[in-house]
Each structure stands twice: as structure tokens, then as C-alpha cells.
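The analysis underlying the following values was restricted to heavy atoms, covering all of them including side chains, and did not include hydrogens, waters or symmetry mates. Predicted model, so just to flag it, every value in this text is computed and none were measured. Residue numbers start at 1 and run along the sequence shown.
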Amino acid sequence: MGVIKRYMAFVTPYKKQIALTMVIGMIKFSIPLTLPLLLKYVIDDVIQGAGTAEEKTSSLLMIMGIMLVLFLVLRPPVEYYRQYYAQWTGSKVLFDIREKLFSHIQKLSLRYYANTRTGEIISRVINDVEQTKEFVITGLMNIWLDLMTVLIVIVIMCTLDVKLTIVSVIIFPLYALAVKYFYGRLRRLTKERSQALAEVQGHLHERVQGMPVIRSFAIEEYEQEHFHDENKNFLNKAINHTNWNAKTFAVVNTITDIAPLLIIAFAGYTVINGSLSIGTMIAFVGYIDRMYNPIRRLINSSTTLTQSVASMDRIFEFIDEPYEVTDRPNAKEAHLKGEVEFKNVSFRYEQTQEEILHNISLKVERGQTIALVGMSGGGKSTLVSLIPRFYDVTNGSLELDGINIKEYKARSLRNQVGMVLQDTFLFSDTIKENIAVGNPEASFEEIVSAAKAANAHEFIMSLPEGYDTKVGERGVKLSGGQKQRVSIARVFLKNPPLLILDEATSALDLESEHYIQEAMQKLAKDRTTFIVAHRLTTITHADQIVVMEQGEIVEKGTHEELMNQDSHYRHLFTIQTLN
């Protein structure tokens, strides 16, 4: 019940629309409930009543005229508005939940994304949220109406014959037992099926993104088998769910089919003995259908609601995923000058893992350029990822302008940091909009100016639609150097006081590297800049070069200072220049 209570928080803003839908629905369901009484009246009072044939015909035509007005004039608009408001409310609730989930997604740590496949997250936001729509439409509207319909029918039947009514409801406890027995397990099976579907979606998402790798290594058959395993797992979960669901319907429908037989038998017996009129018996048979059809829908709704609740479990399980980086209650806006100091900083990704960084102490003055070099896996990228608070330090402290980084609001802090990474990500939109990521409020003239500063304007104008050219998913239509220059243009537009360049030229050809090095030198001017680099020839101008190995600083100094020593840096630089 906990997840239902939490889900209701999203439903509450639309309680007026739900109430209106219920009222309209009650009118809609009440109109057909008059038909069995009408049939009883026609048989007992018109056909078998006193009067001439003309009088009986006149009475019949008058009552049928009234019913036609109800069904042809009143019923259509009632049915329209009931369906419209029910679907409208369900869609609005789903809209609000997805808004909440996307906001949540943007606050989760990078560690979460490193451990969770993108397709599984998408499955929760799309598939699981869509499954909960039936809770609003079925659970809050139809179930209430079906319950009211059953109660009204029972009251009407009591006015016709109490004993026959008792026979009609005597098997109701069997329904309760069936629901109690079947639906607990059905909820678990539904959740397992949803998880299996999320795994298929996650696997598919990865393989679509990695299709160039699959093609280049000619592993289509291997990947087909791998997908077959994932798909087969989902099939097994779906069949288990279907099997149990089918058993549920078999039992419930058997109970529902037996009930009318008992009623017809008892009603026939009472008519034979003269204690019940034929019209009343026919009316009762009519009300059996109007009572047990809602009961069937209620049982079917239980299945639907079980699926909805299982999806709610997965949604709120996702929403409850904690944020690793949070603002302190009195955190302040960041307005950085650019002084950075690591004080005995240590870091590990998980509590159970070994430390990645060990007692790092490093002070960087405003406007300095610091180069981090060393073998892969030394902790360079991890160190710079602490500056925008993608992760928080495990031990020690990181200070910006003499203030602990945790005293700043994380979002305002990141707004003061510009990053150019090796793996450049572009959205599948226009070049103009990709550059505008640096400042969504920027004018087109400012975007062009940033592109020129990044040495990107010339190649952009050579494209078919210039700045309005769509770059494709992850910028697939651009070369590596072009993507990198667009990402640098973003940072020019952002104009931050602190800059991080993480192996921004390591995968580029010499011509692209020349353009990008030129752009990055302009970008780094008068900014505190951290450069993570493997090509040591690109960082000889740095104010300080820091050599890292296995999460520790082993050397630091200028290029000249380190080259004049028997240092790790001199050894690495010599090897690279000889090659």
C-alpha cells in the first residue's frame, strides 16, 4: 500500500477531474440499469396487465420513447466526456511522473550511470510509467463505478425478492479467496517480467550504439545469440506471468459462470411454485448480467492493477536511488576566481574498493595552467572530476578560493567550470543548439563568435545548412576534430573562470590537433586550467606539470625543471619524442 500512497501524491492535483469523471460515469452506468425493470414492467404490467391492445400499445410506445431519449440524447455526451476526462487525467499524471523522473535522473551521480545500463533507465521512465496509467483510469474510476453498480443492483434486486438476492451474492466470498490467493504472486511475476523487459531494452540500446564495433569485428552471429539469450529470458518471464494470469482467469470465470446457474435454477423453482412472477424472474436474470459483468471487470481490473502496482514498485525504487552529491542546507552560490587546493585528498569509488587517489596535496594559483601526466590508470581524470563535484572526496578536502568545495551549491559550481573531454558528446540536434549548451540564453551572434574562437566557424559554414546542420546521434556526421571544436566553442560561450581539458586532443590527427591546440590556448588565457594529457609535447608551456602514478603525485615542476632531473617525466618525454 506504500507505493499506492506515494503514487496518489501525483494524482491528488487532479481530484476534481477524477470526481467529475466518476459522477459522469455513474450517470452512464445508471441508464442501462433501468432496462431489466423496464422489461419487468412491459411483461407484468403491459403485456399481462389489464386494458385493450390499443392501450397496451400506447403505453409501450410511450415508455420506449422515453428510453430512446435517454439512450440517444443523454448517453452519447455522457460517454464522450467520461472517456475524455479519464484519459486526460491519466495522461496528465504520467506527464508529471516523467517530469519528476527526469529531474531525478539529472541529480543522480555519475557512479550510478557507470553501474546501470541506459536502456534500463529508459524502460522505467517509459514502459513502467505507462503501465501505471491504468491505475488512474481503472483503479480510481472504473473500479469505483463497478462497485457502485454492484451495490445499486443488489439494492434493486432486494426490492424485487430478498431470498433470490441472497442466492445471488452467496458465492461472493469465493471471489475474495481467489483474489487473495492469486494476486500476491502475480505482482511478483509482473515485476520480474518488467525487469526482464528492461534488460532487453538495455542490451538493445547498447548494441545499437555499438553497431560499428559489431560490424567491424564481424560478430553479428555472436551478438544474435547474445540477444537471443536476453530475449529468451524475457519470454520465459512473460510465459510464467501469462501462465499464472490464465489460471487466475480460469478460476474466476468459472465462479462467475456457476453463479447465474444457481440463480436461474432457484428463480425457476419459485416461479413454478407461484411465489415469483415471470417478469420478476426475467428482470432478475437481466440484473445477474449487470451484477456479474462488473464483477468480471473488477477481477480483470485486479490483474491490471497488480501490473500497475508492480510498475509503481520499480518507479519508486528508482526514485529512492540516493544522491551522492547533495548541497548542504546553507550552501552558497559559487563565484570563483580560480584558486584550487587539494589538501590530503583521498578517493575511492565504492566503500569496498581500494583507494584510487592517496593523500593528494596540490595548490594551484589563479590563472595558472596545470598539466597532469602519467600512465593510464594513474588517477588523473579521477582527480579533475572532483573539481566540478561529479564525486565527493573520501578523505581530506578540496578548496576553491580558500573555501571547502562542499560549501558551494553543486549546480552553481559546475556553472563556473568548463570541460572539454576526449569523448565528446553532441546531441542529435543542430550545431547551433549544440554550441548553445554553453549558454542557452546566448544570441546567434555570440554563438558564431564562440565558434570563430574555437576555429570551428569555417568548417561549419562549409556544411550544407551551416549552423542549422543536424549532427546526428552523438555527432556521428562530424569528424572527431570537428566535434571537438564544437565542444570547445561551447566552453568559449560559457566563459568560465576554471577550465578542465581531459585528453582533448589524444585521438586526433595532426591537422585537427593544430586547430584545437590553437583554440585551447586562446581558451586557457587568463583562466585556471587543468590539462590531462598523454602527448607531452602539448603541455610544455604549463606553469606546473604534475606526474601521477597509481593515485599519487610522484613529481611536479615546470617542463624545464623536470627535464633537468632524472625524472619519470623526462623518461616519458624522451620516449615520445624519439617515436
Side-chain angles (χ1 to χ4, degrees), residues 106 336 338 367 369 371 381 384 387-388 390 411-533 535 537-539 541-542:
Q106 295 189 93
L336 303 181
T369 295
S381 295
V384 295
I387 297 172
F390 291 156
R411 184 176 177 184
S412 70
L413 169 66
R414 291 166 191 157
N415 200 38
Q416 300 284 296
V417 180
M419 301 188 72
V420 181
L421 307 178
Q422 176 185 6
D423 184 17
T424 302
F425 183 92
L426 299 184
F427 296 101
S428 57
D429 224 317
T430 65
I431 289 178
K432 177 177 66 178
E433 286 163 331
N434 269 287
I435 296 175
V437 167
N439 179 9
E441 304 300 322
S443 65
F444 180 67
E445 289 74 19
E446 290 172 320
I447 291 172
V448 172
S449 177
K452 288 179 178 178
N455 290 334
H457 179 72
E458 186 175 342
F459 93 77
I460 292 173
M461 294 306 296
S462 69
L463 297 173
E465 297 179 65
Y467 283 83
D468 291 319
T469 301
K470 289 185 179 286
V471 301
E473 188 170 5
R474 299 180 66 90
V476 69
K477 294 181 180 179
L478 302 181
S479 70
Q482 290 172 334
K483 288 194 290 185
Q484 201 67 290
R485 278 178 271 174
V486 170
S487 71
I488 292 172
R490 286 174 174 171
V491 182
F492 269 112
L493 193 62
K494 187 175 185 179
N495 193 28
L498 207 154
L499 184 63
I500 296 173
L501 308 174
D502 191 353
E503 300 187 27
T505 62
S506 63
L508 302 178
D509 58 79
L510 291 177
E511 183 179 2
S512 296
E513 183 178 355
H514 167 72
Y515 283 117
I516 290 169
Q517 281 292 343
E518 186 179 88
M520 289 196 301
Q521 286 177 10
K522 287 188 286 183
L523 184 61
K525 187 178 180 181
D526 299 325
R527 306 177 203 270
T528 302
T529 305
F530 287 81
I531 303 175
V532 177
R535 294 184 186 178
T537 55
T538 64
I539 49 90
H541 66 285

I'd like to know if the side chain of T430 and the backbone of K470 have a donor-acceptor N/O pair within less than 3.5 Å.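 Here the side-chain-to-backbone pair does not exist.
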Would you give the length of the straight line joining atom [atom1] of [X] to atom [atom2] of [Y], rounded to the nearest 0.5 angstrom?
| X | Y | atom1 | atom2 | result |
| --- | --- | --- | --- | --- |
| T369 | L499 | OG1 | CG | 8.5 Å |
| D429 | N434 | CG | CG | 6.5 Å |
| K477 | Q482 | NZ | CD | 13.0 Å |
| T469 | F459 | OG1 | CZ | 9.5 Å |

Please examine the side chains of [Y] and [X], heavy atoms only from C-beta on, and report whether any two atoms are closer than 4.5 Å.
| X | Y | value |
| --- | --- | --- |
| N455 | I488 | no |
| F530 | V417 | no |
| L426 | R490 | yes |
| N439 | K494 | no |
| I531 | H541 | yes |
| V486 | V471 | no |
| I431 | I447 | no |

Consider side-chain contact (heavy atoms from CB on, under 4.5 Å). Of I387, I500, V491, L498, which one does M419 pass it with?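 Exactly one candidate clears the test, I500.
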If you take all heavy atoms of [X] and [Y], which pair is closest and at what distance?
| X | Y | result |
| --- | --- | --- |
| L336 | Q416 | N-OE1, 3.1 Å |
| V532 | S381 | CG1-OG, 4.3 Å |
| A489 | A454 | N-CB, 3.5 Å |
| L493 | A436 | CD2-CA, 3.8 Å |

Classify the side-chain pair E446/S449 by whether it contains a donor and acceptor separated by less than 3.5 Å.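 Per modelled atom types, E446 and S449 side chains form no pair under 3.5 Å.
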Below 30° counts as parallel, above 60° as perpendicular, anything between as tilted: where do the rings of H457 and Y467 land?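 Judged by the thresholds at 30° and 60°, the geometry between H457 and Y467 is tilted.
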With a 6.0 Å cut-off (strictly less than), is the heavy-atom count around CZ of F427, excluding the residue itself, greater than 12?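 Incorrect, the count does not exceed 12.
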